[in-house]
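The structure appears right after this line, and notes come after that.
In what follows, chains carry the letters A, B, and so on, assigned in the order in which the sequence lines appear, proteins first and then strands, with residues in each chain numbered from 1. Not measured: the values here are computed from a predicted model. Heavy-atom basis, side chains included; hydrogens, waters and symmetry copies ignored.
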2 protein chains.
Amino acid sequence: MKASNANQYAGHQLQLARLAKALGHPARIAILEHLARVNACVCGDIVEELPLAQATVSQHLRELKEVGLIKGTVEGTSVCYCIDEENWKAIKDQLNKFFRELDKACDNCC
Amino acid sequence: MKASNANQYAGHQLQLARLAKALGHPARIAILEHLARVNACVCGDIVEELPLAQATVSQHLRELKEVGLIKGTVEGTSVCYCIDEENWKAIKDQLNKFFRELDKACDNCC
DNA sequence: ATCTTTAATCGTATTATTGCGATTAAATAG
DNA sequence: CTATTTAATCGCAATAATACGATTAAAGAT
């Protein structure tokens, strides 16, 4: 998006788009699913799970972190990542609200 | 994403990411919300609602159409867009399934 | 203190997305 | 048939995202 257009949209629209964009890459979906599956903190072995270099995975992790979906805590020489439960609840609320909006739509047209 | 890596991910991961990516722009969120709000088919006046040129809006509409979120039917000289209800239900199911996966995660860690 | 291990960051190449003016295509109106 | 209206497509410039090797930083181990 053009930076000069960012203020043309409603805050919640920017927020939703930002979130969706963070989910808009299969590697990041895979990371989230992995974190959910192991149901425990997981460190650098995320790299093993993906067909990507360490630097690239680190970049994807940062994007997920920036948008609040995951958090990482340093544990010795490695870092433990997991889904940020508190934020995740808020994010889910936001998404569900959007979904309900769309549900109301267009029962009678086209 | 590198094209050669696409087959490294599970089908549902690619699908989810594709979907999320389509939602990952405020203009496309705005379009969907507008279509939902007017609760009726709406034609080219979507362009009026957005701070974008006609060509750009048309492009965003195509992306939403490609992923199945909306459909457009020609009506005379204009085109009538609305949320594709049937697909939207399926998409919502897919997303909710993903959400439930994440919900199970990480109650006890970090 | 030096060596390892682990993950973040930097620099950079490649590719994809965004945005728009101009053009085209299709339907309708006159 | 010739305008007009509406929306898609083309071509292109600008920007952003993706990926990776190399380097750096921080913690632990020896």
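Straight-line distance from the CD atom of B/Glu66 to the C1' atom of C/dT18: 15 Å, rounded to whole Å. When rounded to the nearest whole Å, the span between CD of B/Glu63 and C1' of C/dT17 equals 8 Å. Distance CD1 (A/Ile70) to C1' (C/dA7): 13 Å, rounded to an integer number of Å. Per the geometry, CG belonging to B/Leu52 stands 10 Å off C1' belonging to C/dC20, to the nearest Å. One can place NZ of B/Lys65 at 11 Å from P of D/dA7, the figure rounded to the nearest angstrom. Taking atom CD of B/Gln54 as the reference point, atom P of C/dA25 lies 15 Å away to the nearest angstrom. One can place CG of B/Leu50 at 13 Å from C1' of C/dG19, the figure rounded to the nearest angstrom. Look at OH on B/Tyr9: it is 10 Å from C1' on D/dT18, rounded to the nearest Å.
Out of C/dA8, C/dC20, D/dA8, the shortest distance to the side chain of B/Tyr81 is found at D/dA8. For A/Thr77, whose side chain is taken as the heavy atoms from C-beta onward, the closest listed nucleotide among D/dA26, D/dA17, D/dA22 is D/dA26. Considering only side-chain atoms of B/Arg28, the nucleotide from D/dA8, C/dT9, C/dT18 that sits closest is C/dT18. Residue A/Ala53 has its side chain nearest to D/dC20 when only D/dC20, C/dA22, D/dA22 are considered. Closest to the A/Thr56 side chain, of the nucleotides D/dA8, D/dA19, D/dA16, is D/dA19. Comparing D/dA16, D/dT18, D/dA22 by their nearest atom to the side chain of A/Ala55 picks out D/dA22. In the set C/dG19, D/dT18, C/dA8, the nucleotide with an atom closest to the side chain of B/His25 is C/dG19.
Residues A/Lys92 and B/Asp103 are paired through a salt bridge, judged by an N-O separation under 4.0 Å between the basic side chain and the carboxylate.
Distances shown here put every side-chain N or O of B/His60 at or beyond 4.0 Å from the OP1 or OP2 atom of C/dT17. Contact annotation: A/Lys21 does not reach the phosphate of C/dT17 (side-chain N/O to OP1 or OP2, under 4.0 Å). One finds no side-chain N or O of A/Arg62 lying less than 4.0 angstrom from the OP1 or OP2 phosphate oxygen of C/dA8.
Scanning atom types as modelled, no donor and acceptor separated by under 3.5 angstrom connect the side chain of B/Gln59 and the base of D/dC10. Judged by distance alone with a 3.5 Å cut-off, no donor-acceptor contact links the side chain of A/Ser78 to the base of C/dT6.
At a cut-off of 3.5 Å, with distance as the only test, no side-chain donor of A/His25 or A/Arg28 sits close to an acceptor on the other residue. The closest side-chain donor-acceptor pair between A/His12 and B/Glu33 falls under 3.5 angstrom.
Side-chain atoms of B/Glu49 do not come within 3.5 Å of backbone N or O of B/Ile46 as any donor-acceptor pair. For the pair B/Asp45 (side chain) and B/Glu48 (backbone), a donor-acceptor distance under 3.5 Å is absent.
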